[in-house]
Participant: 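Here's a structure for you.
Below, chains carry the letters A, B, ... as their sequence lines are ordered, and counting in each starts from 1. On a predicted model such as this, the values are computed, not experimentally measured, just so you know.
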Amino acid sequence: MPELPEVEVLRRSLASHLPGARIESVDVHDVRLRERVDTRRLRAAATGRRILALERRAKYLLAHLEEERTLVLHLGMSGRVTVVPADAARLPHEHVAFTLDGGRRLRFVDPRRFGLVLALPTAGLGSDRHFASLGVEPLGDTFDGDYLRRRARGRRGPVKAFLMDAGIVVGVGNIYASEALFLAGIDPRRSVGRIGAERFERLAGAVRTVLARAIELGGTTLNDFVDGEGNPGEFQIALGVYDREGEPCIACGGPVRRIVQSGRSTYLCVRCQR
DNA sequence: CTTCGATCCTGAAGGC
DNA sequence: TGCCTTCAGGATCGAA
């Protein structure tokens, strides 16, 4: 469900509720996430501490706590994080819940259990295995066509897989990879070794444009994405190709095609993308 | 080193 | 109606 825009939208929506809140208790109802939840460690890190600030790194949501602790949340494919009244009924698949002061609860719901909830020392975040090998932020200063061109040197394989490689650039998942390549007019099957400087520049620009626009529109809600207050996004109405197989291309009117690359759907217009 | 495929898991949707 | 298959927005691991 969530790529960079969805996690960023979530972070922003929680930013008006969580900073300043104190975590009174932590309930773990099911430890079986992508990595087993370490309940004792989570409780030790969070209980009694206030949330200072929220940050996003790649598709991870980071809640920095007092005394150099950080909660790390990842939504996987189906995760939801919302703030609700503390006495709200527990939802199915509500695996972890943080009771906050002011009668509120931060709930983590994840039917498929590909998500992640853990606590780390703030100082060691960068060297933690989840973060150590991540590439650059696509909305940051160091991401541009020249960066892509340098990282593509000596690589083969289709450009779509390259774009989705978190060791290169983070946050671009299956939806926004298709969308950025459509906007850049590049065929997702094209080998990265056969893309020139000018097209890398266009691709970098397209990635930034698509992600920024998706954040503005509150993310993409195909199925179940909601922000921290339970509101769905609206970028799905602005999608150019994703999930539009057989429908007319918004640029040329030709049919949008669906292909499969490394086991995942890719959508493209073969007339507009070369 | 890269690159590909399989895998974790549940639920929704479509075909018959 | 029900049963079966396929597919889904992520990340990791082992094999080639």
Side-chain angles (χ1 to χ4, degrees), chain A residues 1-10 29-37 56-61 72-81 91-96 108-118 128-135 138 150-181 188-193 207 210-211 214-215 217-227 232-246 258-267:
Chain A
M1 152 208 295
E3 303 182 30
L4 183 149
E6 288 72 37
V7 180
E8 179 61 21
V9 165
L10 174 65
H29 300 109
D30 193 337
V31 299
R32 299 172 301 163
L33 300 184
R34 190 175 91 219
E35 294 169 23
R36 184 184 177 83
V37 178
R56 180 194 54 74
R57 172 67 173 122
K59 297 171 188 166
Y60 294 89
L61 179 67
V72 178
L73 304 178
H74 194 289
L75 304 184
M77 291 280 256
S78 59
R80 282 187 187 212
V81 174
L91 288 180
H93 309 292
E94 182 173 333
H95 307 312
V96 182
F108 179 89
V109 178
D110 184 10
R112 289 176 74 182
R113 289 192 270 117
F114 289 173
L116 201 59
V117 178
L118 56 103
D128 180 81
R129 64 189 168 84
H130 297 92
F131 303 99
S133 59
L134 290 178
R150 287 197 318 271
R151 294 300 305 268
R153 195 164 291 159
R155 281 182 69 124
R156 4 192 130 258
V159 61
K160 189 206 179 202
F162 175 72
L163 255 195
M164 290 179 66
D165 184 341
I168 305 293
V169 57
V170 301
V172 182
N174 208 38
I175 293 180
Y176 298 109
S178 279
E179 291 299 308
L181 288 161
R189 298 164 291 192
R190 177 177 284 271
S191 168
V192 279
V207 168
V210 164
L211 297 181
I215 292 170
L217 289 183
T220 300
T221 300
L222 288 178
N223 228 345
D224 55 3
F225 168 72
V226 293
D227 69 14
E234 293 184 343
F235 190 73
Q236 61 279 7
I237 64 177
L239 290 171
V241 287
Y242 189 86
D243 204 25
R244 296 193 59 235
E245 182 181 14
R258 173 184 174 273
I259 62 174
V260 175
Q261 293 182 284
S262 49
R264 315 199 60 188
S265 291
T266 301
Y267 297 85

Participant: dC1(B) C1' sits how many Å from R156(A) CZ, rounded?
Facilitator: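 Interatomic distance, CZ of R156(A) to C1' of dC1(B): 12 Å.
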Participant: Taking Watson-Crick (N1-N3 plus N6-O4 or O6-N4) and G-U wobble (N1-O2, O6-N3), each under 3.5 Å, can you produce the dot-bracket string of DNA chain B? Use [ ] for crossing pairs and | for inter-strand ones.
Facilitator: .|||||||.|||||||
Participant: What is the distance from CZ of R153(A) to C1' of dT2(B), rounded to the nearest Å?
Facilitator: 17 Å
Participant: For H130(A) and dA11(C), is the shortest distance between a side-chain N/O and OP1 or OP2 below 4.0 Å?
Facilitator: no
Participant: Output yes when at least one side-chain N/O atom of R264(A) is less than 4.0 Å from OP1 or OP2 of dG10(C), else no.
Facilitator: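 Answer yes for this pair, as a side-chain N or O of R264(A) is under 4.0 Å from OP1 or OP2.
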Participant: Atom CG of L33(A) to atom P of dG10(C): distance rounded to whole Å?
Facilitator: 17 Å
Participant: Atom OH of Y176(A) to atom P of dG10(C): distance rounded to whole Å?
Facilitator: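 Whole-Å distance recorded here is 10 Å.
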Participant: By nearest nucleotide on DNA chain B, pick out whichever of S262(A) and R151(A) is the more 5' one.
Facilitator: R151(A)
Participant: For the side chain of R113(A), starting at C-beta, report the closest nucleotide among dA11(C), dG9(C), dT10(B).
Facilitator: dT10(B)
Participant: Which part of the nucleic acid, if any, lies within reach of N223(A) when heavy atoms closer than 4.0 Å are counted: base, sugar-phosphate only, or nothing?
Facilitator: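 Result for N223(A) = base.
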Participant: CZ of R36(A) versus P of dC9(B): gap in Å, rounded?
Facilitator: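 After rounding, the gap between these two atoms is 13 Å.
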Participant: Is it the case that the side chain of R113(A) and the backbone of H95(A) share a donor-acceptor pair, with hydrogens and angles ignored and the cut-off at 3.5 Å?
Facilitator: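 Not confirmed, R113(A) side chain does not pair with H95(A) backbone.
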Participant: May I ask you to decide if G240(A)'s main-chain N or O and E179(A)'s side chain share a donor-acceptor pair within less than 3.5 Å?
Facilitator: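 Looks like yes, one N/O pair under 3.5 Å.
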Participant: Quick test of the criterion, 5.5 Å between centres and less than 30° between planes. Is F114(A) stacked on dG10(C) or not?
Facilitator: yes
Participant: The side chain of N174(A) lies closest to which of these nucleotides: dC4(B), dG11(B), dG10(C)?
Facilitator: dG10(C)
Participant: Determine the Euclidean distance between corresponding P atoms of dC3(C) and dC9(B); express it in Å to zero decimal places.
Facilitator: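 One P to the other, the span is 24 Å.
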Participant: Kindly compute the distance separating CZ (F108(A)) from CG (L73(A)), expressed to the nearest 0.5 Å.
Facilitator: 6.5 Å
Participant: Rounded to the nearest 0.5 Å, what's the gap from CZ on F131(A) to CZ on R57(A)? Could you check?
Facilitator: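 Separation between the atoms: 8.5 Å.
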Participant: Would one find a side-chain N or O of H93(A) under 4.0 angstrom from OP1 or OP2 of dT10(B)?
Facilitator: no
Participant: Quick one: F162(A) CZ to dC4(B) P, roughly how many Å, whole number?
Facilitator: 14 Å
Participant: Check whether any side-chain N or O of E3(A) sits under 3.5 Å from a backbone N or O of N174(A) as a donor-acceptor pair, and report yes or no.
Facilitator: yes
Participant: Report the nucleotide, chosen from dG10(C), dG9(C), dT12(C), that has the shortest atom-to-atom distance to any side-chain atom of Y60(A).
Facilitator: dT12(C)
Participant: Would you mind telling me which of dG5(B), dG9(C), dA8(C) lies closest to the side-chain atoms of L222(A)?
Facilitator: dG9(C)
Participant: Answer whether the closest heavy-atom distance between the side chains of Y176(A) and F235(A) falls below 4.5 Å.
Facilitator: yes
Participant: Taking CD in E234(A) as the centre, count heavy atoms belonging to other residues, nucleotides or ligands within less than 6.0 Å. Is the count above 12?
Facilitator: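 Counting other residues, nucleotides and ligands, CD of E234(A) stays at 12 neighbours or fewer.
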Participant: Identify whether any heavy atom of R32(A) sits under 4.0 Å from a base atom; if not, whether one sits that close to sugar-phosphate; answer base, sugar-phosphate or nothing.
Facilitator: nothing
Participant: Which of these nucleotides, dC7(C), dG9(C), dA11(C), is closest to any side-chain atom of R34(A)?
Facilitator: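 Within the option list, the nearest is dA11(C).
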Participant: Would a distance-only check, ignoring hydrogens and angles, find a side-chain to backbone donor-acceptor pair under 3.5 Å from S178(A) to Y242(A)?
Facilitator: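 Checking the backbone N and O of Y242(A) against the side chain of S178(A), no donor-acceptor pair under 3.5 Å is found.
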Participant: Could you state the atom-to-atom distance from CG of L75(A) to P of dT10(B) in whole Å?
Facilitator: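 About 18 Å, once rounded to whole Å.
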Participant: Under 4.0 angstrom, heavy atoms only, what part of the nucleic acid is G263(A) near: base, sugar-phosphate, or nothing?
Facilitator: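 The residue G263(A) makes no contact with any strand.
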Participant: The side chain of R112(A) lies closest to which of these nucleotides: dT10(B), dG9(C), dG10(C)?
Facilitator: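 Side chain of R112(A) sits closest to dT10(B).
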Participant: How long is the line joining CG of D224(A) and P of dT10(B), in whole Å?
Facilitator: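 Whole-Å distance recorded here is 16 Å.
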Participant: Look at the side chain of S265(A) and decide which nucleotide, out of dG10(C), dT10(B), dA8(C), has an atom nearest to it.
Facilitator: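 Closest nucleotide to the S265(A) side chain: dA8(C).
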Participant: Using atom types as modelled and distance alone, determine if a side-chain donor or acceptor of R112(A) lies under 3.5 Å from a backbone N or O of S78(A).
Facilitator: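 Pair absent, no side-chain N/O of R112(A) close to backbone of S78(A).
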